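Report on the following structure.
If you're wondering where the values come from, they're calculated on a predicted model, not measured in any experiment.
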Amino acid sequence: QVQLVESGGGLVQAGGSLRLSCAVSGRTFSTYALGWFRQAPGKEREFVASTSRDGSYTAYAESVKGRFTISRDNAKNTAYLQMNGLKPEDTAVYYCAAPGSSGGRSYTPMNFASYNYWGQGTQVTVSS
């Protein structure tokens with residue numbers, strides 16, 4: 001059973017930073033890509049960032065490029081999302097997710113349908 005557990009959310013002022021973590025268990029972490037999504041109240045869940053299985057390739061939503069950085073530590077079975085320059089519009093529940101298939105070395109899925117396993121989410125609130 002694949003399990004993903006997010007942590008690191010909280011309340012921060014605009015312009016501040018947070019680092020989210022995603023601990024994964026139940027599969028060989030280093031053989032799968034991993035992604036971060038977010039969902040604001042009343043909105044659909046949207047892609048934020050993804051990383052390939054060894055971290056060499058990454059993809060970002062346009063809205064977070066240059067501010068957010070996704071990374072992973074395969075020795076710790078953990079992925080991270082470093083968020084800098086936070087804006088009130090970044091307020092959402094953030095989810096990490098893992099795809100059902102391992103894909104190729106450069107696989108960094110951006111679409112919701114590619115992901116089969118989800119964490120419970122962590123709340124990020126950015127005050128103005």
Side-chain angles (χ1 to χ4, degrees):
Q1 182 73 12
V2 180
Q3 290 189 321
L4 300 94
V5 179
E6 303 95 335
S7 61
L11 173 64
V12 63
Q13 288 189 333
S17 299
L18 283 174
R19 188 177 81 155
L20 306 183
S21 299
C22 174
V24 181
S25 61
R27 65 165 27 168
T28 305
F29 182 71
S30 61
T31 61
Y32 289 84
L34 193 131
W36 285 96
F37 287 73
R38 67 186 181 185
Q39 188 167 19
K43 295 188 177 181
E44 293 187 351
R45 196 168 298 189
E46 65 175 3
F47 170 78
V48 174
S50 58
T51 176
S52 61
R53 59 194 188 193
D54 67 355
S56 297
Y57 298 87
T58 57
Y60 294 93
E62 285 297 324
S63 59
V64 306
K65 275 184 180 178
R67 299 188 298 124
F68 291 11
T69 302
I70 188 171
S71 62
R72 64 191 295 161
D73 185 339
N74 285 348
K76 296 182 178 180
N77 284 8
T78 302
Y80 305 96
L81 185 68
Q82 178 67 43
M83 305 185 295
N84 299 329
L86 282 162
K87 305 175 181 180
E89 52 263 43
D90 295 317
T91 295
V93 177
Y94 283 70
Y95 299 89
C96 65
S101 60
S102 61
R105 181 170 176 266
S106 63
Y107 186 50
T108 53
M110 300 172 67
N111 56 316
F112 181 90
S114 295
Y115 291 86
N116 294 67
Y117 305 100
W118 296 84
Q120 83 288 349
T122 186
Q123 176 71 47
V124 172
T125 303
V126 185
S127 63
S128 57

How long is the gap from [atom1] on [X] to [atom2] on [Y], to the nearest 0.5 Å?
X: Thr31; Y: Asp54; atom1: OG1; atom2: CG; answer: 11.5 Å
X: Ser17; Y: Arg67; atom1: OG; atom2: CZ; answer: 10.5 Å
X: Tyr57; Y: Ser106; atom1: OH; atom2: OG; answer: 5.5 Å
X: Asn84; Y: Phe68; atom1: CG; atom2: CZ; answer: 8.5 Å
X: Ser128; Y: Lys87; atom1: OG; atom2: NZ; answer: 14.0 Å
X: Glu89; Y: Lys43; atom1: CD; atom2: NZ; answer: 8.5 Å

Requested in this report: Taking all non-hydrogen atoms of both residues into account, name the closest pair between Gly8 and Leu18 and its distance.
Outcome: O-CD2, 3.9 Å
**Report entry** With Asp73 via salt bridge (Lys or Arg N to Asp or Glu O under 4.0 Å) - residues at least two apart
**Finding:** none
**Report entry** Trp118-Tyr107 co-clustered via ILVMFWY side chain contacts under 4.5 Å
**Finding:** no
Requested in this report: Flag yes if Leu20 and Val64 sit in one hydrophobic cluster, no otherwise; membership is Ile, Leu, Val, Met, Phe, Trp, Tyr, and two members link when side-chain heavy atoms are under 4.5 Å apart.
Outcome: yes
Could you tell me if [X] sits above the aromatic ring of [Y], with its cationic atom closer than 6.0 Å to the ring centre and no more than 45 degrees from the axis?
X: Arg45; Y: Phe112; answer: no
X: Arg19; Y: Tyr80; answer: yes
X: Arg38; Y: Tyr95; answer: no

Side-chain contact, heavy-atom cut-off 4.5 Å: [X] with [Y]?
X: Asn111; Y: Phe47; value: no
X: Tyr32; Y: Val2; value: no
X: Thr122; Y: Val93; value: no
X: Phe29; Y: Leu34; value: yes
X: Arg72; Y: Thr78; value: no
X: Val124; Y: Met83; value: yes
X: Val48; Y: Tyr60; value: no
X: Leu81; Y: Thr69; value: no

Any donor-acceptor N/O pair, [X] side chain to [Y] backbone, under 3.5 Å:
X: Glu6; Y: Gly121; answer: yes
X: Ser50; Y: Thr108; answer: yes
X: Arg53; Y: Gly103; answer: yes

**Report entry** Gln123 side chain to Thr125 side chain, donor-acceptor N/O pair below 3.5 angstrom
**Finding:** yes
**Report entry** Test side-chain contact (heavy atoms from CB on, under 4.5 Å) applied to Asn116 - qualifying residues, sequence neighbours left out
**Finding:** none
Query raised in the report: What about the rings of Tyr115 and Phe37, do their centers lie closer together than 6.0 Å?
Result: yes
